[in-house]
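Heads up, the thing below is written out as structure tokens.
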Amino acid sequence: MRWSRLFIPTLRDDPADAEVVSHRLLVRAGYIRQLGAGIYSYLYLAQRSLLKIQQIVREEMDRIGAQEFYLPALNPAEVWQESGRYTVMGDNLFRLKDRTGRDLCLGMTHEEVMTTIARSEVRSYKQLPQIWYQIQTKFRDEPRPRNGLLRTRQFIMKDSYSFDIDPAGLDTSYDKHREAYCRAFDRCGLKYSPVRAHSGAMGGTQSEEFMVMCNAGEDFVATCEKCNYAANLEKATSKLAPVSDSPGPAAPERFATPGKKTIDEVAAFDGLPEASHIKTLVYMVGDKPLVILLRGNHQLSEAKLETISGGEFRPAHPQEILDIFGANPGSLGPIGIPAKKAPRIVTDLALQGRKNLVAGANADDFHIKGVEPGRDFATEYFDLRVIEDGEGCPQCDAASGATLKVSRAIEIGHIFKLGYKYSESMGARVLNEQGKEVAPIMGSYGIGMERILVAAVEQNNDANGIAMPRSIAPFEVVITPVNTRDAALTSVAEQIYQACLDRKIDALYDDRDERPGVKFKDADLIGVPWRVTVGRQAPSGIVEVTRRSTGQRSDVNITDVVEFLAKQE
RNA sequence: CGGGGCGUAGCGCAGCCUGGUAGCGCGUCUGCCUUGGGCGCAGAAGGUCAUGGGUUCGAAUCCCGUCGCCCCGACCA
């Protein structure tokens with residue numbers, strides 16, 4: 001392509017409304033323009049890049065035997081009502097009505113549509129396994145779109161769905177996806193890590209996210225510095241330093257704590273560390289209260305709560321708390337809850353085996369000391385807290401001193417064993433070898449296309465702009481004659497450009513009548529990985545090749561330059 | 001949904017407090033010049049000041065409403 005004929009609207013200044021690097025650079029480099037909140041137009045450069053990303057993903061999906069479909073984005077509401085997600089997804093689902101008043105929605109993923117196809121067409125275990133995928137636009141009415149292409153309301157996703165006759169089959173489909181994802185992300189030039197992920201209330205048995213560590217990310221990942229442990233913070237566990245409690249009294253003792261409500265106020269008042277206090281939280285699961293006990297200095301993980309709550313939950317309102325406990329937040333505890341309420345009490349593992357603790361007395365301005373879980377109240381134990389940076393790795397020997405580091409990350413892909421949720425709820429059935437009707441077991445697997453682009457820019461940029469990995473760069477090479485009015489230079493440039501095309505190298509010919517500085521700046525900004533500068537040495541048969549990522553330059557004979565370029569990364 | 005900020009030329013911004021008919025830099029166009037890192041000179045075009053209402057002789061400026069966008073939080077298969 002000849003740059004003089006292209007629409008590449010680069011900007012000198014950063015756009016005012018862009019914060020994160022990738023957003024700023026993609027706008028400045030003329031890849032994208034915003035149309036509305038969370039809605040972007042992908043201009044020529046972004047489209048070229050995204051098409052390359054999609055092609056890589058497509059090739060890797062095809063390699064594992066997956067079959068590409070093209071499915072409707074516009075879905076009848078009934079399909080989503082059947083799976084239950086019409087209500088579960090709440091306001092995140094874009095909803096609309098057609099002229100006759102029928103309810104429709106815009107697909108945010110395609111479990112429902114895929115399952116609809118499977119249930120009406122797949123009859124026998126002999127037809128399984130199947131892996132079906134699509135690379136299409138998805139719609140989500142995000143409460144808060146942000147960070148350029150990172151979180152948008154319309155985006156391109158590769159999503160695939162596997163159907164297997166049994167869990168072993170699902171394992172195979174899942175593993176195939178894992179491999180395909182690693183290959184695809186490697187080919188895209190990303191540094192990423194698969195991490196254990198929270199599988200949500202869907203009842204999934206296993207789930208991994210593919211994460212790219214960078215500050216623009218919205219997710220948090222805990223990684224071990226010494227082993228391969230890596231988990232989403234929603235899922236991460238840790239080893240805590242053991243706490244030895246003094247024996248304390250034989251039975252809990254009530255004491256006055258006038259005006260002390262928060263853990264740190266009570267701790268300062270009674271002189272015991274925060275870790276010797278019990279934090280009491282109250283949630284409503286449906287219309288039933290759930291009491292959650294944590295160590296005073298620990299944080300509740302709502303993601304972990306979700307796996308044990310058995311339903312939709314929310315923090316209890318002050319009035320509900322008063323009704324249950326007869327006391328206000330700040331003085332709540334597991335002992336002395338009015339018997340007729342008898343709420344379920346769950347306790348974080350960090351409190352198991354502890355004694356001589358302080359909890360609220362369920363009377364305003366009073367606490368109880370000498371509390372021992374198990375002895376003084378009955379409870380179930382679960383992992384319920386959010387781990388913190390610097391805690392011990394759950395996988396390493398405690399003696400090794402290996403600690404976890406919490407970092408921000410972008411989720412570029414997610415693989416997920418769905419189980420029977422959709423096949424059950426939507427009535428997909430096949431006959432097994434015994435002639436018995438069974439629900440196929442499903443997996444669902446997603447990759448965010450724009451997020452690969454975003455992650456690539458986040459990982460590969462400098463003060464001059466983007467340094468795109470070659471495999472997904474809009475162009476692989478830019479040929480830059482230093483002076484377009486010098487026919488000796490332009491004829492060499494033209495010749496190299498044509499030779500690149502013949503050699504199937506994606507080349508951009510910067511034939512603009514601009515000063516060299518302008519061309520260099522623009523080439524650096526848009527991130528073309530290789531530049532061939534046709535300048536002062538051209539008359540003696542030499543051009544200069546510059547690698548964008550490192551700035552490294554080599555003088556190359558004009559006759560060799562195309563082969564040289566073909567060999568580089 | 002709660003909190004904060006912003007909306008003036010394609011982009012970045014000033015002007016608003018203290019009302020008097022809109023300005024700067026970059027970009028764009030024309031001509032000259034220049035050609036290895038956003039060069040220089042001269043000239044030009046380009047604005048319903050987000051929008052609706054109000055106050056006023058007069059509103060970008062003051063008041064009220066609405067819309068949009070950004071950030072923080074809540075939320076996020």
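Chain letters run A, B, ... following the sequence lines, proteins first, then strands; residues in each count from 1.
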Exercise for the section: Give A:E111 one of three labels, base, sugar-phosphate or nothing, depending on what nucleic acid heavy atoms sit under 4.0 Å from its own. Expected result: nothing
Handout entry: Side chain of A:Q34 - closest among B:rA74, B:rC69, B:rG37
Key = B:rC69
Fill in the blank from the handout: A:R515 has its side chain closest, among B:rG38, B:rU34, B:rC71, to B:rU34
Handout entry: Side-chain N or O of A:N147 closer than 4.0 Å to phosphate OP1/OP2 of B:rC71
Key = yes
Exercise for the section: Pick base, sugar-phosphate or nothing for A:R33, based on heavy-atom distances below 4.0 Å to the nucleic acid. Expected result: nothing
Problem - Spacing of CG belonging to A:L305 relative to CZ belonging to A:R385, to within rounding of 0.5 Å - result: 15.0 Å
Completion exercise
Ranking B:rC11, B:rG37, B:rC75 by distance to the side chain of A:R146, first place goes to B:rC75
Exercise for the section: Take atom CG of A:N483 and atom P of B:rC33, then tell me their distance rounded to the nearest Å. Expected result: 14 Å
Problem - Nearest-Å distance for atom pair CZ/P, residues A:F220 and B:rC76 - result: 16 Å
Problem - B:rG65 pairs with, by Watson-Crick or G-U criteria that keep both distances under 3.5 Å - result: B:rU51
Handout entry: Pair A:E320 + A:R314: basic N to acidic O under 4.0 Å
Key = yes
Exercise for the section: Give A:D17 one of three labels, base, sugar-phosphate or nothing, depending on what nucleic acid heavy atoms sit under 4.0 Å from its own. Expected result: sugar-phosphate
Exercise for the section: Pick base, sugar-phosphate or nothing for A:T533, based on heavy-atom distances below 4.0 Å to the nucleic acid. Expected result: base
Exercise for the section: Determine the contact category for A:D522: base if any of its heavy atoms lies under 4.0 Å from a base atom, sugar-phosphate if only primed atoms, P, OP1 or OP2 are that close, otherwise nothing. Expected result: base
Exercise for the section: For A:D524, answer base if it contacts any base atom (sugar-phosphate contacts may also be present), sugar-phosphate if it contacts only those atoms, and nothing otherwise; contact means non-hydrogen atoms under 4.0 Å. Expected result: base
Practice task
Could you tell me whether A:D522 and A:R512 have a side-chain N and a carboxylate O separated by less than 4.0 Å?
Solution key: yes
Practice task
Take atom P in B:rG10 and the same atom in B:rU18, then report the distance between them in whole Å.
Solution key: 31 Å
Exercise for the section: Between B:rC57 and B:rC11, how far apart are the C1' atoms? Round to whole Å, please. Expected result: 38 Å
Handout entry: Nearest-angstrom distance, P atom, B:rA44 to B:rU51
Key = 29 Å
Fill in the blank from the handout: Here the distance between atom P of B:rC75 and atom CE of A:M89, to the nearest Å, is 15 Å
Exercise for the section: Classify the nucleic acid contact of A:R314 as base, sugar-phosphate or nothing, counting any heavy atom under 4.0 Å across all strands shown. Expected result: nothing
Practice task
Give the nucleotide from the list B:rC11, B:rC70, B:rU35 with an atom nearest to the side chain of A:D13.
Solution key: B:rC11
Handout entry: B:rG43: pairing nucleotide in any strand, Watson-Crick or G-U under 3.5 angstrom
Key = B:rC29
Exercise for the section: Return the nearest nucleotide to the side chain of A:R144; candidates are B:rC11, B:rG37, B:rA74. Expected result: B:rA74
Problem - base_contact_polar (B:rG10 base, A:R28 side chain, donor-acceptor, <3.5 Å) - result: no
Exercise for the section: Scan A:G36 against the nucleic acid and name what it touches under 4.0 Å (heavy atoms): base, sugar-phosphate only, or nothing. Expected result: sugar-phosphate
Problem - Integer angstrom distance from the P of B:rU61 to that of B:rG2 - result: 27 Å
Handout entry: Salt-bridge contact A:D141-A:R153 (side-chain N to carboxylate O under 4.0 Å)
Key = yes
Exercise for the section: Hey, which sits more toward the 5' end of RNA chain B by its nearest nucleotide, A:E218 or A:Y40? Expected result: A:Y40
Handout entry: Distance-only side-chain donor-acceptor flag, A:S207 / A:H198, under 3.5 Å
Key = no
Fill in the blank from the handout: Among B:rC11, B:rC75, B:rC26, the one nearest any side-chain atom of A:L11 is B:rC11
Practice task
Report the distance from atom NE2 of A:H414 to atom P of B:rC76, rounded to the nearest whole Å.
Solution key: 15 Å
Exercise for the section: Quick one: label A:E302 by what it contacts on the DNA or RNA (base, sugar-phosphate, nothing), any heavy atom closer than 4.0 Å. Expected result: sugar-phosphate
Problem - Verdict with reasoning, A:R547 to A:S549, per side-chain hydrogen bond (donor to acceptor under 3.5 Å, both in side chains) - result: CA-CA 6 Å; A:R547 180 175 195 165; A:S549 57; 3.2 Å; yes
Exercise for the section: Sticking with atom C1', work out how far B:rC29 lies from B:rC16, rounded to a whole angstrom. Expected result: 33 Å
Problem - Watson-Crick or G-U wobble mate for B:rG73, both contacts under 3.5 Å - result: B:rC1
Practice task
May I have the distance from A:N92 (atom CG) to B:rC76 (atom C1'), rounded to whole angstrom?
Solution key: 6 Å
Problem - Pair A:Y174-A:E208, side-chain donor/acceptor within less than 3.5 Å - result: yes
Practice task
Look at the side chain of A:R553 and decide which nucleotide, out of B:rC33, B:rG37, B:rC11, has an atom nearest to it.
Solution key: B:rG37
Fill in the blank from the handout: Between CD of A:E19 and C1' of B:rC6 the distance, given in whole Å, is 12 Å
Problem - Base B:rU35 to side chain A:R536, donor-acceptor N/O within 3.5 Å cut-off - result: no
Problem - Side-chain H-bond candidate by donor/acceptor type, A:T559 with A:N557, under 3.5 Å - result: no
Exercise for the section: Take atom C1' in B:rU35 and the same atom in B:rA22, then report the distance between them in whole Å. Expected result: 38 Å
Exercise for the section: Check A:L93 against A:L106 and note the closest heavy-atom contact, atom names and distance. Expected result: CD1-O, 3.6 Å
Handout entry: Listed nucleotide nearest any side-chain atom of A:F520, set B:rG25, B:rG37, B:rU35
Key = B:rG37
Exercise for the section: Let me know the distance between NE2 of A:H23 and P of B:rC71, rounded to the nearest Å. Expected result: 8 Å
Handout entry: Under 3.5 Å donor-acceptor pair, A:E544 side-chain atoms to B:rG36 base atoms
Key = yes
Handout entry: B:rU48 versus B:rA74 - spacing of their P atoms, nearest Å
Key = 42 Å
Exercise for the section: With C1' as the reference atom in both, quote the distance from B:rC26 to B:rA14 in angstrom, rounded to an integer. Expected result: 15 Å
Practice task
Could you tell me the separation between the NZ atom of A:K519 and the P atom of B:rC39, rounded to a whole number of Å?
Solution key: 14 Å
Problem - Under-3.5 Å donor-acceptor pair between A:R151 side chain and B:rC76 base - result: yes
Problem - Pairing nucleotide - B:rC13, Watson-Crick or G-U, each distance under 3.5 Å - result: B:rG23
Handout entry: Toward the 5' end of RNA chain B, by each residue's nearest nucleotide, A:M108 or A:G535
Key = A:G535
